[in-house]
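These notes are about the structure you will find just below.
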Protein chains: 2
Amino acid sequence: MPDFVYDKKVYYNPVEFAMDRIGGIWKMPILWRLREKTLRYSDLKKELPHITHKMLSSVLRNLEKEGFITRKVHAVVPPKVEYSITERGKRAIPVIEVIRRYGAELMREFGVKAKETESGK
Amino acid sequence: MPDFVYDKKVYYNPVEFAMDRIGGIWKMPILWRLREKTLRYSDLKKELPHITHKMLSSVLRNLEKEGFITRKVHAVVPPKVEYSITERGKRAIPVIEVIRRYGAELMREFGVKAKETESGK
DNA sequence: CTGTATCCCCTCAGATACTG
DNA sequence: CAGTATCTGAGGGGATACAG
């Protein structure tokens, strides 16, 4: 009794659908980084030191496929690839802000302390 | 270079921390169901037909452990166990509403249609 | 610089069976 | 009714090597 199906996967509610688009460990941090500026692959890698090469690559491909970011390849040597947020991606930013704020509140409640408050995403 | 640690796990940003508390497939749907009324185990199971016995059990335990819900056992035969949302849990509701709304918007954008709009969580 | 391909481990989650 | 225990399979994600 699926409630609805998208891309061969069954979803039971809108929350789950949203989380499958922009959830996971890295999608929101990446969208957040791109919210006001275009970045190239190596810039993103620098800003997200903990992400592995493979993960960054695959998450970027996924976000592009689903229309949250665009990818622009410059025909130069060495290669230069720039990622920008789309209108669809921009609509996710306010949601990410709400979750960020809630997460920060929860961290205070739980007594968790960040080493660098502005390093997060 | 962890940004912060909680419960032996490393987090890199508040979004990730929040999602580890109330993310996943079932936590938000359960909190949402409990937002305005107490439910017993079997009620929750009925309202979330797709969740397995094991998952419901383990997610409830986790939500209780982290203070989002409370569990009250009535000493009767057969057993009766009631779950209620806590103040901490209630603070998650507005966030869930934002994500729900966003998810519904995304579903429209992606052309996904729910069989029952009010079946979701 | 910007990727892709392989190998591999480990956790998540389902099915099933058993208990107070 | 309300759980717990065990087994198992699929997939996420890391490390590493290779390519245009």
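Proteins get letters first, then strands, A, B, ... in listed order; numbering begins at 1 in each.
Note that CG of A:N13 is 10.5 Å distant from CE of A:M19, once rounded to the nearest 0.5 Å. Taken from CG in A:L34 to CD1 in A:I69, the straight-line distance is 6.5 Å, to the nearest 0.5 Å.
When the side-chain hydrogen bond (donor to acceptor under 3.5 Å, both in side chains) test is applied to B:R71, the partners found at least two apart in sequence or on another chain are B:Y83. For B:R88, the side-chain hydrogen bond (donor to acceptor under 3.5 Å, both in side chains) partners two or more places apart in sequence, or in a different chain, are A:E109.
Figure legend: cation-pi geometry between B:R21 and B:F17, with NZ or CZ positioned under 6.0 Å from the six-membered ring centre and within 45° of its axis. Judged by the 6.0 Å and 45° rule, B:R108 forms no cation-pi pair with B:F110.
The shortest distance between the side-chain N/O atoms of A:S57 and the OP1/OP2 oxygens of C:dT4 is below 4.0 Å. Listed pair A:R61 / C:dG3 fails the phosphate criterion, with no side-chain N or O lying under 4.0 Å from OP1 or OP2.
In terms of heavy atoms, B:R91 sits closest to B:P94 at O-CD, 3.4 Å. The heavy-atom pair separating B:R33 from B:K37 by the smallest distance is O-NZ, 3.9 Å. Between A:A18 and B:G103, the shortest heavy-atom distance links the atoms CB-CA, 3.6 Å.
Remark: C1' of C:dA13 and CD of A:E16 are 13 Å apart, rounded to the nearest angstrom. Look at CG on B:L48: it is 12 Å from P on C:dG14, rounded to the nearest Å. Between the NZ atom of B:K27 and the P atom of C:dC12 there is a distance of 10 Å, rounded to whole Å. Atoms CD (B:E64) and P (D:dT4) sit 10 Å apart, rounded to a whole Å.
The stretch residues 65-78 of chain A touches DNA chain C through A:R71, A:P78, each having a heavy atom under 4.0 angstrom from the strand. Taking a 4.0 Å limit (strictly below) on heavy-atom distances, residues 36-45 of chain B reaches DNA chain D at B:R40, B:Y41, B:S42.
Computed from C1' positions of five pairs at each end, the angle between the two local axes of the helix from C:dC1-D:dG20 to C:dG20-D:dC1 equals 40°, rounded to 10 degrees.
Residues A:M28 and A:I99 have side chains in contact (heavy-atom distance under 4.5 Å, counting atoms from C-beta outward).
Checked by atom type and distance alone, the side chain of A:K27 pairs as donor or acceptor with a backbone atom of A:D20 at under 3.5 Å. Remark: side-chain polar atoms of B:S84 are not paired, donor with acceptor, to backbone N or O of B:T70 under 3.5 angstrom.
Note: B:H50 and A:Y11 fail the aromatic proximity criterion, with ring centroids not under 6.0 Å apart.
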Q: Sugar-phosphate means primed atoms, P, OP1 and OP2; the rest is base. With that split, encode nucleotides 7-16 of chain D 5' to 3' as B, S or - using protein heavy atoms under 4.0 Å.
A: ------BBB-
